[in-house]
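Given the structure is predicted, the values throughout are model-derived calculations rather than measurements.
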Amino acid sequence: MSTEYPDVLGDLVQARERSEVNGVHYVAALRPSTIAPGDFTHLHIWLQSCWNVPVQVGIRVHLPVQQPTPVFSIIQELTEVPLEAAEVGEVSIPIACTAQTEPGDYSITVRPGVKIEERGQYIRSKEHAGEMDATLLRFTTGTSLSLAVGLGYVAHTQPEAILPLRIEGPPQPGQSPDMIPTYCSHWTVDELTLWGKARQLVNDRRLYLLPQISRHALYLAFLDEGRARFKDAGLSLHLGEAVFLAKIMTRAVEYFMQNPGWQDAILIPAYTLAYRHNLETGDPVPLIVRADYARIARLASSLTFGMLRQQVGHDIWTLEEQLAVTDLVADRVEQGGMLPAEFLYLPLLLGGLMVASQVQMPGEDLAQSLDLFAKGRQERAAYLDHNQELVALLDRMEQRARSG
């Protein structure tokens, strides 16, 4: 191996344990994995080429055998995907079943094959030790941590994946989904230039950048940016809400910046954005807070769920539910669109309560800040009271913050 390229697959999907066929890493999943008769699901296959030359991936799907007539269908048994050198992407293949499908457990078998037309070299390893395996984060999907710093993984040679599919519930009315497979490219070697420039700048200017990323600068910037972002999402923040939102966002950045080995998790993605969009690179705070706000919100959400799991001793919501709400919040603060108030409180303001005493400004009266938070929360009561599990957690964490 001449050059080790960054692992991108680990940022797209939970991929600490992944499969490999002839130099291509892959992860396969059915989403959803439970459907009703007459409904359909999507087979997702995430692919990461470990070759420095183009390859051809053929994905063969084997459906359950049904007699006397098939009840599952796809548009084609074999889907071929050309990958550029080092490319990372995602294939989605719709799978439908008829309303006559018997409820029960079935299996979908996926067999990827890889053809290489020319001699090449490996540019990614089959395993990586990782730099960030011992964190409080509940999940890493969509955080760019694998790309920026590196997460541990092992790729096992596996010529096929067998995926469970459950059919249950009453038959659904006939649907006509688009059955054509789709492909989305997530990363190509062209991205390597931006990533390399960002890494070089961070390494060269680290001692100059670090003093600028102070708690005070982050907090004030997040205070203003949070108000603007959530106003675009249909939520005009009360002062107490803005304060505790700024606390968890600031804490998310500090959590990484306080560990010298983890600082690149914040800095490299921010400076990659700067080079991609021709932004000023002198002051790192606007890049972290403004340009990279949605990703920091993901990190803050994952940190909140991780801290909650640590304090309670178990997950209150499933990992799928945690990822779904995180995706929704990140999308709204990046793209705009209405966001229900409960998804401001869960997870971000809940996280703000949990770190209330860790992120305090000089001269701040924490009791006064908590009173402001309680006032804002009271005005949101009509939007929160239907979620009594969240209300109970907010009560618990607010009481803990007041008691120190």
Taking [X] for the side chain and [Y] for the main chain, is one N or O donor matched with an acceptor at less than 3.5 Å?
X    : Y    : value
N203 : R199 : yes
W51  : N22  : yes
R124 : S49  : yes
S144 : L147 : no
Q263 : M257 : yes
T304 : L348 : no
T250 : K247 : no
S19  : Q158 : no
N52  : Q121 : yes
T41  : R31  : yes

Sequence neighbours excluded, every pair satisfying side chain to side chain donor-acceptor pair (under 3.5 Å) that has a member inside residues 214-224 |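 Those involving residues 214-224 are R215-E254.
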Within residues 274-285 or reaching into it, pairs that qualify as side chain to side chain donor-acceptor pair (under 3.5 Å) - sequence neighbours excluded | E191-R276
For the atom pair [atom1] ([X]) and [atom2] ([Y]), what is the distance rounded to the nearest 0.5 Å?
X    : Y    : atom1 : atom2 : answer
Q48  : S146 : CD    : OG    : 7.5 Å
L163 : S33  : CG    : OG    : 9.5 Å
T318 : L323 : OG1   : CG    : 8.5 Å
Y106 : L30  : OH    : CG    : 14.0 Å
Y271 : L279 : OH    : CG    : 10.5 Å
L299 : T326 : CG    : OG1   : 10.0 Å

Is it true that D11 and R295 have a side-chain N and a carboxylate O under 4.0 angstrom from each other?
-> no
Anything under 3.5 Å between a donor and an acceptor, one on a side chain of residues 228-243, the other on a protein residue two or more places apart or in another chain? List them.
from: R229; atom 1: NE; to: E225; atom 2: OE2; distance (Å): 2.7
from: R229; atom 1: NH1; to: V333; atom 2: O; distance (Å): 2.8
from: R229; atom 1: NH2; to: E225; atom 2: OE2; distance (Å): 3.3
from: R229; atom 1: NH2; to: R290; atom 2: O; distance (Å): 2.5
from: H238; atom 1: NE2; to: E379; atom 2: OE1; distance (Å): 3.3
from: E241; atom 1: OE1; to: H238; atom 2: N; distance (Å): 2.9
from: E241; atom 1: OE1; to: R380; atom 2: NH2; distance (Å): 3.1
from: E241; atom 1: OE2; to: Y345; atom 2: OH; distance (Å): 2.6
from: E241; atom 1: OE2; to: R380; atom 2: NE; distance (Å): 2.8

Looking at residues at least two apart in the chain, or sitting in another chain, which of them share a ring-ring contact (aromatic ring centres under 6.0 Å, His included) with W46?
->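 Once residues adjacent in sequence are excluded, the partners of W46 under the ring-ring contact (aromatic ring centres under 6.0 Å, His included) criterion are H44.
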By ring-ring contact (aromatic ring centres under 6.0 Å, His included), which residues pair with Y255, not counting sequence neighbours?
-> W262
Any non-hydrogen side-chain atom of [X] less than 4.5 Å from a side-chain atom of [Y]?
X    : Y    : value
P112 : V24  : no
I45  : I93  : yes
Q310 : L136 : yes

Using the salt bridge (Lys or Arg N to Asp or Glu O under 4.0 Å) rule, collect all pairs that involve residues 40-53, keeping only residues at least two apart or in two chains.
-> none
Contacts of [X] that satisfy side chain to side chain donor-acceptor pair (under 3.5 Å) - sequence neighbours left out:
X    : value
H156 : E17
Q14  : T141
E20  : T157
N387 : E342

Residue pair [X] / [Y]: nearest heavy atoms and the distance that separates them:
X    : Y    : answer
L165 : T34  : CD1-N, 4.5 Å
V27  : A15  : CG2-CB, 3.9 Å
G306 : R138 : N-CB, 3.8 Å
T272 : A198 : OG1-CB, 3.4 Å

Which pairs, with at least one residue in residues 13-36 and sequence neighbours excluded, count as a ring-ring contact (aromatic ring centres under 6.0 Å, His included)?
->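 For residues 13-36, and leaving out neighbouring residues, the ring-ring contact (aromatic ring centres under 6.0 Å, His included) pairs sorted by first residue read H25-Y153.
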Would D292 and R298 count as a salt bridge (charged side-chain N to carboxylate O under 4.0 Å, His left out) if you check the C-alpha gap in whole Å, the side-chain angles of each, and the deciding distance to 0.1 Å?
-> CA-CA 10 Å; D292 211 12; R298 284 185 179 276; over 6 Å; no
Could you tell me how the ring of F305 sits relative to the ring of F139: parallel (under 30°), tilted (30 to 60°) or perpendicular (over 60°)?
->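 Ring orientation of F305 relative to F139: tilted.
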With sequence neighbours left out, what residues match E80 under salt bridge (charged side-chain N to carboxylate O under 4.0 Å, His left out)?
-> none
Only one of D7, L145, T143 passes side-chain contact (heavy atoms from CB on, under 4.5 Å) with L151; say which it is.
-> L145
